[in-house]
Number of protein chains: 2
Amino acid sequence: MRFTRLLLCLGLAGLLTAPALSAETIDSERASFELETVAEGLKNPWGLAFLPDGSMIVSERAGNLRLVNPKGKLGEPLQGLPNIVVKGQGGLLDVAVDPDYASTGWIFFSYSEPGERGNSTALARARIEGKVLVDVTRIFSQKPKVESNAHFGSRIVFKGDGTLFLTLGDRYSRMDDAQTLDNHHGKVIRINKDGSVPADNPYVNTEGALPEIWSIGHRNMQGAAMHPETGELWSGEHGAQGGDEINIDRAGVNYGWPVVTYGEDYGGGKIGEGFKKEGMETPIYYWLPSLATAGMTFYTGDQFPKWRGDLFVASLRAETLSRLDIEGERVLHEERLLADELGERLRHVVQGPDGYLYLLTDQSDGKIIRLKPAK
Amino acid sequence: MRFTRLLLCLGLAGLLTAPALSAETIDSERASFELETVAEGLKNPWGLAFLPDGSMIVSERAGNLRLVNPKGKLGEPLQGLPNIVVKGQGGLLDVAVDPDYASTGWIFFSYSEPGERGNSTALARARIEGKVLVDVTRIFSQKPKVESNAHFGSRIVFKGDGTLFLTLGDRYSRMDDAQTLDNHHGKVIRINKDGSVPADNPYVNTEGALPEIWSIGHRNMQGAAMHPETGELWSGEHGAQGGDEINIDRAGVNYGWPVVTYGEDYGGGKIGEGFKKEGMETPIYYWLPSLATAGMTFYTGDQFPKWRGDLFVASLRAETLSRLDIEGERVLHEERLLADELGERLRHVVQGPDGYLYLLTDQSDGKIIRLKPAK
Ligand SMILES: [Ca+2]
Ligand SMILES: [Ca+2]
């Protein structure tokens with residue numbers, strides 16, 4: 001990638017506002033694009049979804065849910081959220097719009113829910129009436145609650161059959177739970193949009209298993225996306241001491257954490273038993289050292305024809321946007337975008353209805369930035 | 001990778017000889033190792049193979065074949081090589097030792113062969129008697145000969161069933177030939193060790209096809225290796241304007257060059273029709289920009305237990321040794337070794353009988369360097 005460094009060299013970067021970003025063309029392997037700041041002043045934005053009218057709904061981890069109009073004007077925080085624990089990695093997390101929004105009006109959001117013995121990730125749905133959330137219903141709550149500020153997950157992905165997936169972290173202090181079926185730690189769950197359990201979930205007939213469980217052996221999946229052709233869930237997972245993973249999340253499969261992981265032998269001690277074990281699925285790709293992967297999405301739009309089918313993965317620590325060229329279940333090639341140009345932790349990447357890619361920067365003065373084809 | 005830069009910082013690197021290299025420990029993701037110069041003073045070494053007594057046979061592109069004893073002492077050039085065209089990328093190329101050497105005494109070597117209408121890659125076998133090659137027999141000659149100094153291939157790999165593969169470049173000026181069966185440009189061929197054609201080759205019954213052909217649609221494969229478990233041929237191919245590829249080379253398959261390639265839109269014009277086409281195989285991994293990949297090998301030794309099953313790929317331009325973590329037919333992860341420590345074009349990587357990895361540096365004062373576990 002080439003990028004005009006002039007502004008940075010002049011030391012003015014910190015003073016510049018949105019329009020300056022868009023003046024630069026970034027040439028990458030398959031597209032030349034510009035960055036445009038759509039909105040700023042968001043407190044650690046975590047989730048972003050589009051409503052049918054083109055406006056956005058964005059969650060701030062600090063505990064606000066806001067509408068943002070297509071021009072980037074922030075609405076006031078919507079009233080009516082449930083109690084949320086805002087500490088560590090916890091707070092208001094993902095937000096998603098029902099694919100049937102036109103008829104249901106539902107939005108879904110995940111958050112850190114307080115409870116008697118600690119906290120856990122919960123999922124609620126609601127409707128928006130003006131500046132207020134109404135019909136707020138908690139439809140799922142991760143069990144058990146524990147005292148932990150870390151590894152909440154939690155991305156919401158609609159399967160397209162009336163059910164949805166929610167990714168759930170291992171809460172850090174309870175990593176061993178990821179291997180057992182009597183809890184929701186380190187799991188992907190699948191539920192109906194009213195919170196009930198689909199009859200064809202893999203463990204509904206397993207004694208002692210929580211019926212919402214779809215897959216097990218995960219650490220902390222802050223990224224998840226539906227493959228546009230296969231309809232399968234792909235997830236991105238923070239590794240320990242390196243070893244961020246991309247997995248294809250299938251019913252009843254064990255993804256190995258904390259028994260097997262690639263995150264050993266790098267700046268720390270040994271974790272688990274090694275890289276592979278019978279009965280545990282190998283990821284389709286991993287990063288070592290860790291980028292600290294977060295949100296991800298498959299690109300299917302018209303603005304960047306050569307990116308179609310590619311998987312984009314935002315990263316926090318590396319401050320990059322990885323473009324993965326996917327062929328079937330293989331990653332043929334990785335391009336790391338924005339390694340030099342942005343310098344901001346990226347929490348999420350979402351495709352807009354306009355075919356642009358939208359990023360959330362993880363800052364207390366966080367932004368929505370979009371990638372547009374260069375003029 | 002961490003590396004003690006002290007010597008480089010003192011500006012002494014250029015003055016140091018072999019023992020200094022070995023004093024440094026290089027910590028990588030799965031192993032800590034040292035570099036040790038085994039031999040130097042080789043003129044652009046291209047191929048390296050081990051004889052049962054532990055000595056090496058090395059080819060210099062300038063047209064010498066030498067024995068190198070286990071301590072690194074270079075023998076005099078062996079006498080008796082055929083006429084070789086040494087120009088451009090041409091010269092004496094790969095060398096291989098018959099898996100049945102104990103009973104046959106054969107070595108095989110590939111080279112640029114002169115002819116009336118130009119040159120092409122040929123393959124010969126011979127026996128070593130003292131300082132002389134005897135029973136020198138050309139067993140294959142690429143057709144047609146053309147005036148070109150480029151893209152000769154050519155790696156020799158034994159299939160394990162009494163046949164061998166030879167990778168053949170498209171000669172640069174004849175890239176379109178890679179798609180047709182009436183020539184050996186841009187092909188992998190498979191022959192018996194006496195040059196005859198195996199009856200089960202894919203095109204033996206195809207009218208007008210050269211019967212040696214195994215696979216088509218290649219550009220310039222300077223790397224090839226037998227997968228230690230599947231017994232399939234994997235090859236590494238220089239891409240055009242980027243787009244170096246790893247392919248699994250199967251009988252009768254078309255690998256796309258020059259119709260489809262990833263090497264477009266990067267510092268140059270469009271090549272071919274794009275990335276994919278029905279009937280043409282997608283690589284399992286590619287590099288963009290190009291590293292200029294050369295020799296490659298699967299590691300199966302005992303010295304680096306965590307490298308077992310990994311594919312190592314030497315690169316000329318990038319001056320790196322890529323370690324590819326392979327799962328089935330997927331590349332899960334790439335680590336680029338030696339990006340900072342060596343600074344030499346790498347032509348080849350070979351596993352020694354001692355379990356060390358041996359590198360050839362592509363210099364007029366070229367070296368054999370080995371990777372040993374750090375003490
Ligand atoms: Ca895993
Ligand atoms: Ca190809």
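Labels below follow one simple rule: chain letters A, B, ... track the order of the sequence lines, proteins then strands, and each chain is numbered from 1. Computed from a predicted model, the values in this text were never measured in an experiment. What's counted below: heavy atoms across the whole structure, side chains too, no hydrogens, waters or symmetry copies.
Around atom CD of A/Glu229, no more than 12 heavy atoms belonging to other residues, nucleotides or ligands sit under 6.0 Å away.
Across A/Pro283 and B/Arg330, no two heavy atoms sit closer than the pair O-NH2, 3.6 Å. For the pair B/Ile326 and A/Lys276, the tightest heavy-atom approach, listed with the atom from each and the gap, is O-NZ, 4.2 Å. Across all non-hydrogen atoms, the minimal contact from A/Leu288 to B/Arg30 is CD2-NH2, 3.5 Å.
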Just do the side-chain contact (heavy atoms from CB on, under 4.5 Å) check on B/Asp325 and A/Phe275 with the steps written out, would you?
-> CA-CA 11 Å; B/Asp325 190 348; A/Phe275 313 134; 5.7 Å; no

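Once rounded to the nearest 0.5 Å, the distance linking CH2 of A/Trp287 with NE2 of B/His333 reads 11.0 Å. Going from atom CG of B/Leu332 over to atom CD1 of A/Ile284 covers 8.5 Å, rounded to the nearest 0.5 Å.
For a residue to count as touching a neighbouring chain, one of its non-hydrogen atoms must lie under 4.5 Å from one of that chain's; by this rule B/Glu329 touches chain A with backbone and side chain alike.
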